[in-house]
Amino acid sequence: MGQRLAIVTGAAGDIGRAIAVRLRVDHDLVLLADRDIPAAERAAAALGPGFVAMPLDVTDPASCSALAAEANQRGRLVTLVNNAGSARAVSLQSTSVEDWQADRALNLDAAFIMFRAVAELLKAAQGSVVNIVSVNGMAIFGHPAYSAAKAGMIHLTRAIAV
């Protein structure tokens with residue numbers, strides 16, 4: 001049957017680390033996936049046994065597929081937490097096309113790409129997906145591209161559930 005695994009994207013940050021700590025209670029191994037691998041390695045070292053840092057660019061399908069393959073080698077993936085995210089431009093007026101595309105890629109596309117990479121593993125384990133969204137996805141609080149992406153992630157989460 002193998003070890004029960006969880007993947008947390010954006011795991012080197014405060015929220016990702018807190019999620020990982022909670023997941024370790026009922027998972028044998030938590031993969032701390034982040035593009036900042038030195039920070040993920042420091043987090044894994046600080047958190048101790050049961051935490052492993054993994055390099056991941058959530059916007060790159062090849063990187064997500066590589067992480068899925070690594071997870072499959074280590075055990076049974078039962079939980080994916082799409083936590084990676086950030087915001088660039090504060091107002092609609094200051095949002096460039098580049099900012100819009102980058103925020104959408106990180107805060108929406110990445111959750112889809114990562115889910116696609118591990119979907120068969122999660123189905124086999126009857127696992128779970130947790131997508132971290134924001135109140136920005138439900139109301140106007142600035143950061144328009146980030147907010148639009150988080151609203152999209154709410155719908156993506158419903159689509160995954162169906």
Side-chain angles (χ1 to χ4, degrees), residues 1-37 39-87 102-138 146-162:
M1 189 165 228
Q3 295 189 98
R4 289 174 46 87
L5 268 67
I7 293 173
V8 179
T9 70
D14 293 339
I15 294 171
R17 285 174 63 149
I19 292 167
V21 167
R22 169 52 190 92
L23 288 174
R24 182 64 178 91
V25 171
D26 49 16
H27 293 73
D28 300 308
L29 184 64
V30 179
L31 303 181
L32 305 177
D34 207 287
R35 67 181 176 191
D36 184 350
I37 194 63
E41 288 170 345
R42 286 191 301 273
L47 295 174
F51 297 93
V52 176
M54 300 295 300
L56 176 66
D57 176 350
V58 291
T59 65
D60 177 17
S63 182
C64 292
S65 292
L67 179 60
E70 180 67 26
N72 194 38
Q73 292 299 310
R74 290 178 178 259
R76 187 169 52 98
L77 181 63
V78 296
T79 306
L80 167 65
V81 179
N82 281 311
N83 170 64
S86 70
D103 275 359
R104 189 208 64 240
L106 179 59
N107 296 291
L108 176 58
D109 298 352
F112 171 75
I113 294 166
M114 191 65 229
F115 170 71
R116 289 280 299 178
V118 300
E120 293 305 315
L121 299 177
L122 289 170
K123 283 197 295 190
Q126 297 183 328
S128 300
V129 177
V130 178
N131 290 327
I132 304 300
V133 296
S134 169
V135 296
N136 285 53
M138 298 180 280
Y146 170 84
S147 299
K150 290 300 187 175
M153 190 187 267
I154 292 168
H155 190 80
L156 172 62
T157 303
R158 290 178 180 141
I160 290 169
V162 171

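Here the structure is a predicted model, which is why all the values come from computation and not from measurement. Each residue takes its place number in the sequence, starting with 1.
By the 6.0 Å contact criterion, CZ on R35 is open, its count of non-hydrogen atoms from other residues, nucleotides or ligands being 12 or less. The local environment of CD1 in I15 is sparse, with at most 12 non-hydrogen atoms from other residues, nucleotides or ligands closer than 6.0 Å.
Side-chain contact between T157 and V129 is absent, with no heavy atoms from C-beta onward closer than 4.5 Å. Contact check for I160 versus N131: side-chain heavy atoms found under the 4.5 Å cut-off. Between M114 and L67, some side-chain heavy-atom pair lies under the 4.5 Å cut-off. Under the 4.5 Å side-chain criterion, counting only non-hydrogen atoms from C-beta, E41 is in contact with I37. With a 4.5 Å cut-off on side-chain heavy atoms, L122 and L77 count as touching. Side chains of T59 and D109 form no contact here, defined as non-hydrogen atoms less than 4.5 Å apart. A heavy-atom distance below 4.5 Å is not found between the side chains of N107 and M153. Between T79 and D26, the closest side-chain pair of non-hydrogen atoms is not below 4.5 Å.
Closest approach of L23 and A6 over heavy atoms only: CD1-CB, 3.8 Å. Residue A151 comes nearest to G137 through the heavy atom pair CB-O, 3.3 Å, listed as atom of the first residue, atom of the second, then distance. A117 and S65 make their closest contact through CB-N, 4.0 Å (heavy atoms, listed as atom of the first residue, atom of the second, distance). R24 and P49 get closest at one heavy-atom pair: NE-O, 3.4 Å. When all heavy atoms of F51 and A20 are compared, the closest pair comes out as CE2-O, 3.4 Å. Of all the heavy atoms in P61 and I113, the pair that sits closest is CA-CG2, 3.6 Å.
Atoms CG and CG, on L108 and L156 in that order, are 6.5 Å from each other to the nearest 0.5 Å. A distance of 11.0 Å separates CD in E120 from CG in N72, rounded to the nearest 0.5 Å. Taking CG of D36 as the reference point, atom CG of L56 lies at 12.0 Å (rounded to 0.5 Å).
When atom types are taken as modelled, the side chain of D34 and the backbone of A12 share a donor-acceptor pair closer than 3.5 angstrom.
The only member of N83, T9, N82 that meets side-chain contact (heavy atoms from CB on, under 4.5 Å) when paired with I132 is N83.
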Check against side-chain contact (heavy atoms from CB on, under 4.5 Å), I7 and M54 = CA-CA 9 Å; I7 293 173; M54 300 295 300; over 6 Å; no

